[in-house]
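Per chain, numbering begins at 1; letters A, B, ... match sequence-line order.
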There are 2 protein chains.
Amino acid sequence: MSYDKIYYQDWEKMDQEKYLILDYYFESTIDPHEAAAHLCQEQSTAQWKRVGVDEDLRPEFASKIIDLQVERELETPSLPFQIDKWEKLWGTRLKIAYPIANFGPRIPNMLTAVGGEGAYYSPGIYTIKLHDIIFPDSYLDQFEGPKFGVEGLRKWTNVFDRPLFLGVIKPNIGLAPEPFGDLAYQSWLGGLDIAKDDELLCDTEWSPFAERTKVLGKLRAQAEQKTGKRCVYLANITDEVDRMIELHDIGVKNGADMLMINAMCTGLSGVRMVRKHTEVPLVAHFDFIAPLVKAPYYGIHSRVITKLQRLSGCDMIIFPGLGSRMKTPEIEVFENVNTCLDPMGPIKPSLPVPAGSQWAGSLGPLSKRVGHTDFAIVPGRAVFSHPGGPASGAKSLHQGWEAVEKGVSLEEYAKEHFELAQAIQQFTGKEKVK
Amino acid sequence: MSYDKIYYQDWEKMDQEKYLILDYYFESTIDPHEAAAHLCQEQSTAQWKRVGVDEDLRPEFASKIIDLQVERELETPSLPFQIDKWEKLWGTRLKIAYPIANFGPRIPNMLTAVGGEGAYYSPGIYTIKLHDIIFPDSYLDQFEGPKFGVEGLRKWTNVFDRPLFLGVIKPNIGLAPEPFGDLAYQSWLGGLDIAKDDELLCDTEWSPFAERTKVLGKLRAQAEQKTGKRCVYLANITDEVDRMIELHDIGVKNGADMLMINAMCTGLSGVRMVRKHTEVPLVAHFDFIAPLVKAPYYGIHSRVITKLQRLSGCDMIIFPGLGSRMKTPEIEVFENVNTCLDPMGPIKPSLPVPAGSQWAGSLGPLSKRVGHTDFAIVPGRAVFSHPGGPASGAKSLHQGWEAVEKGVSLEEYAKEHFELAQAIQQFTGKEKVK
């Protein structure tokens, strides 16, 4: 079809710095080559000439197919979409080169191009998933990325040789600043690196942000003095975007020395705005991401969102980790770990935090599988409902890591470490070692 | 189970102004009543007491089940999720009352509560879709909502008795401001109400926003003088959130008298920020919404996103309309029309724009099905690749509407109206009436 040809191009012959590469899986009721050409048209130069003018804007402005692999023919659609009728169904992997000059270094406009009407309402394509975006270095140069990165976080926390231990202060909702701060203080005394606000906790009447950060900022300083160690308070500044800079300033002034944003709730552009201003490391939490990423064969792959959070400037990214509650295939968890850490031109790495129902016993399997210590865990109950209280909970994490380092089984190590023994009892129901 | 009871409450006995109602569909591998209790716990007071303190924060801070209907038992999951193993599967409709005091009148924090980790990673629930959020008036009172609303838009455009005619200026991508403006000018001369930027067009090197709005602002004024009618230029200010206020000011100063934001690309909070500042009506476009809403049985129903865009202050909301390309069930299209217009306490209605491949012939079926004229259409090709050019394209829309008003068939009316005859030929391939 002559129609198709203009949308097909040889990547080797293109000016590669001028394009993003978009990696899609799609299923179509029409020939995949035709469907892919439609997709390029819809997501870029929908109408590419004026009436009565001899011109063609597509060579410069249309997105181009640089690879197309028909992976399979299907008997039925992978998802129960209502489709009019079909003779054949194809499942296709597609790589598209998208001209950066169509939108520039702007996250919202990039999202429009890669995840907008064009891509998701293209003729003959009934399901589509964006699997990856690959950025040329000259594009990445125009973004700030994480201010601290993994190396900066190591210096910031003064923890160099093991995973970082975060703890979600619980009860997460409902406590006034004073009792809430007391829990954090206990956890710091037990050795927790970073006591953090829950993602649900923000600026409320029963826990005003200014008051809470003042209380916890003071206690954090006291804990540092008492322990002689760095103690970090990670405060949640998720709020309307026109309040986040103000909350940053209040928080930092009051002694919160790390800040969290529920990135997809505020929008990634809101994160980038704070990044340009921030004095402390920024942490992203994964609310409102699941509806985009979790359906099989449709939507957006979680690695894309992880990558965009890194691009937006998050020094640490919390995402669904191992364990049945998180319902995330193991391979996807580690793809996200790698997406945080893989080389990305001038953009610093983000520290990956594969989260969900963690405790001391999570450290061995996770570090073994990751193969290094550049990650963090973020337990809640394991610290704050440890039977001995938050200080004991924090201790149990250190003991769990010591066991890993010494190559001793948890049970063995628990014989001499009471808090770990309590944690084993709490999480596995196994009798405490006498 | 005693465990369950605290999460179950009688709505009639609750202080209803203090809660949002969340309407979910979910499928579970465990008893739906237990699954629903888990869900409430996960999405609110995950841990509801301190160790060693006799307290229970749940009565005040936990979300509560106020209705639960097991709709069906399933043979297999509705979506091909990987599930460990199960004996039975249930599909359940659930209404939850969520305490507003947990987050307050903040869109990002509300999204965290209703679409965050808690709701989408709850034990035993392998798929979940948020179908609706119902807000009490006292909550809505704390939002600005649309500044103009439908009535204000009518006055703004001076069109009172028919649907509004928007047109997406095409070629959408690649034209410099001058030739781009010329197309808009022609469309205004033909009677188009609102010539608009494509959602993909923003502030680029080949079409800088300041220059484009200057050119189109001038031409708009000239067109008004020449036609004696209102002519509106809808400029796209979608950009990083920390640039949108500046773009608003530049656009308005230059004569753009309506502004568009790709709401989910910037984040709804970014829209609300512009709403608080805006001098002109705001229009939302639906990019990056499909990945959230289109999977059956998973994610978020499109009516929720429409409602949130209205809450954020969009005077006009563009969403997928009728036609096979838009792949949206007809019932869902009209649910979104109603979500724009239904009473919503103090929040003004938004004008619904069910979009997608429209032309003069779309007006009859759509207005008949809607039952009134409070909507807009937003054709692209029908205006800007009409064989007679943009002025003829705009004329064809008016002629199409005149036919509807007179109760005459399009073909009949086209006998005396050349531009309509050309449109029929363009869109149906039917021979032009002689």
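When all heavy atoms of A/Phe384 and B/Gln47 are compared, the pair lying nearest together is O-NE2, 3.1 Å. When all heavy atoms of B/Gly299 and A/Pro291 are compared, the closest pair comes out as CA-CB, 4.0 Å. Across A/Thr112 and B/Cys265, no two heavy atoms sit closer than the pair OG1-SG, 3.3 Å.
Contact of the B/Thr204 side chain with the A/Asn102 side chain is not registered, since no non-hydrogen atoms from C-beta on lie closer than 4.5 Å. B/Arg50 has its side chain within reach of A/Leu175: a pair of non-hydrogen atoms, C-beta onward, lies under 4.5 Å apart. The side-chain heavy atoms of A/Phe81 and B/Lys327, taken from C-beta on, include no pair separated by under 4.5 Å. In this structure, A/Pro80 and B/Leu79 have side chains that are in contact, with non-hydrogen atoms separated by less than 4.5 Å. With contacts defined as side-chain heavy-atom distances shorter than 4.5 Å, the pair B/Trp206/A/Phe61 qualifies. Annotation: side chain of B/Pro387 is not in contact with side chain of A/Val51 (no heavy-atom distance under 4.5 Å).
Counting heavy-atom pairs closer than 4.5 Å to chain A, the top residue among B/Ala101, B/Pro390, B/Gly389 is B/Ala101. For the set A/Pro320, A/Ser269, A/Gly267, the entry with the most heavy-atom pairs within less than 4.5 Å of chain B is A/Ser269. Chain A forms the most heavy-atom pairs under 4.5 Å with one residue out of B/Gly174, B/Gly118, B/Ser324, B/Ser207, and that residue is B/Gly174. In terms of heavy-atom pairs under 4.5 angstrom with chain A, the leader among B/Asn172, B/Thr266, B/Thr127, B/Leu130 is B/Asn172. Options A/Ile125, A/Val114, A/Val53 differ in how many heavy-atom pairs under 4.5 Å they form with chain B, and the most are formed by A/Ile125. For the options B/Ala119, B/Ala295, B/Gly388, heavy-atom pairs under 4.5 Å to chain A are most numerous at B/Ala295. With chain B as partner, the option from A/Gly104, A/Gly270, A/Cys202 having the largest number of non-hydrogen pairs under 4.5 angstrom is A/Cys202. Here B/Thr238 is the residue among B/Ile261, B/Thr238, B/Asn262, B/Ile300 with the most heavy-atom pairs under 4.5 Å with chain A.
Using a 4.5 Å cut-off between heavy atoms, B/Ser122 contacts chain A through its backbone alone, with no side-chain atom that close. Of the two parts of B/Gln43, only the backbone, made up of N, CA, C and O, holds a non-hydrogen atom closer than 4.5 Å to a non-hydrogen atom of chain A. Proximity to chain A is absent for every atom of B/Glu60, based on heavy atoms less than 4.5 angstrom apart. For B/His285, the part lying under 4.5 angstrom from a heavy atom of chain A is the side chain only. For chain A, the nearby part of B/Ser44 is the backbone; its heavy atoms alone come within less than 4.5 Å. Residue B/Pro99 does not touch chain A at all, counting heavy-atom pairs closer than 4.5 Å. Neither the backbone nor the side chain of B/Ser357 comes within less than 4.5 Å of any heavy atom in chain A. For a residue to count as touching a neighbouring chain, one of its non-hydrogen atoms must lie under 4.5 Å from one of that chain's; by this rule B/Phe103 touches chain A with backbone and side chain alike.
Considering CZ of B/Arg106 and CZ of A/Arg243, their distance stands at 5.5 Å, rounded to 0.5 Å. We find the CG-CG distance between B/Asn109 and A/Asn236 to be 7.0 Å, quoted to the nearest 0.5 Å. The structure places OG1 of A/Thr45 at 9.5 Å from CG of B/Leu200, a figure rounded to the nearest 0.5 Å. Expressed to the nearest 0.5 Å, how far CZ of B/Arg272 lies from CG of A/Asp242 amounts to 8.0 Å. To the nearest 0.5 angstrom, A/Leu292 atom CG is 5.0 Å from B/Phe288 atom CZ. Distance check, rounded to the nearest 0.5 Å: OG of B/Ser385 to CH2 of A/Trp48 gives 10.5 Å.
B/Asp287 places no side-chain N or O within 3.5 Å of a backbone atom of A/Ala113 that could act as its donor or acceptor partner. In this structure, A/Glu240 contributes its side chain and B/Ile107 its backbone to a donor-acceptor pair below 3.5 Å. Under the 3.5 Å distance criterion, the side-chain polar atoms of A/Lys294 are matched with a main-chain donor or acceptor of B/Tyr120. A donor-acceptor contact shorter than 3.5 Å is absent between the side chain of B/Asp239 and the backbone of A/Pro108. No side-chain donor-acceptor contact under 3.5 Å links A/Gln82 to the backbone of B/Pro329.
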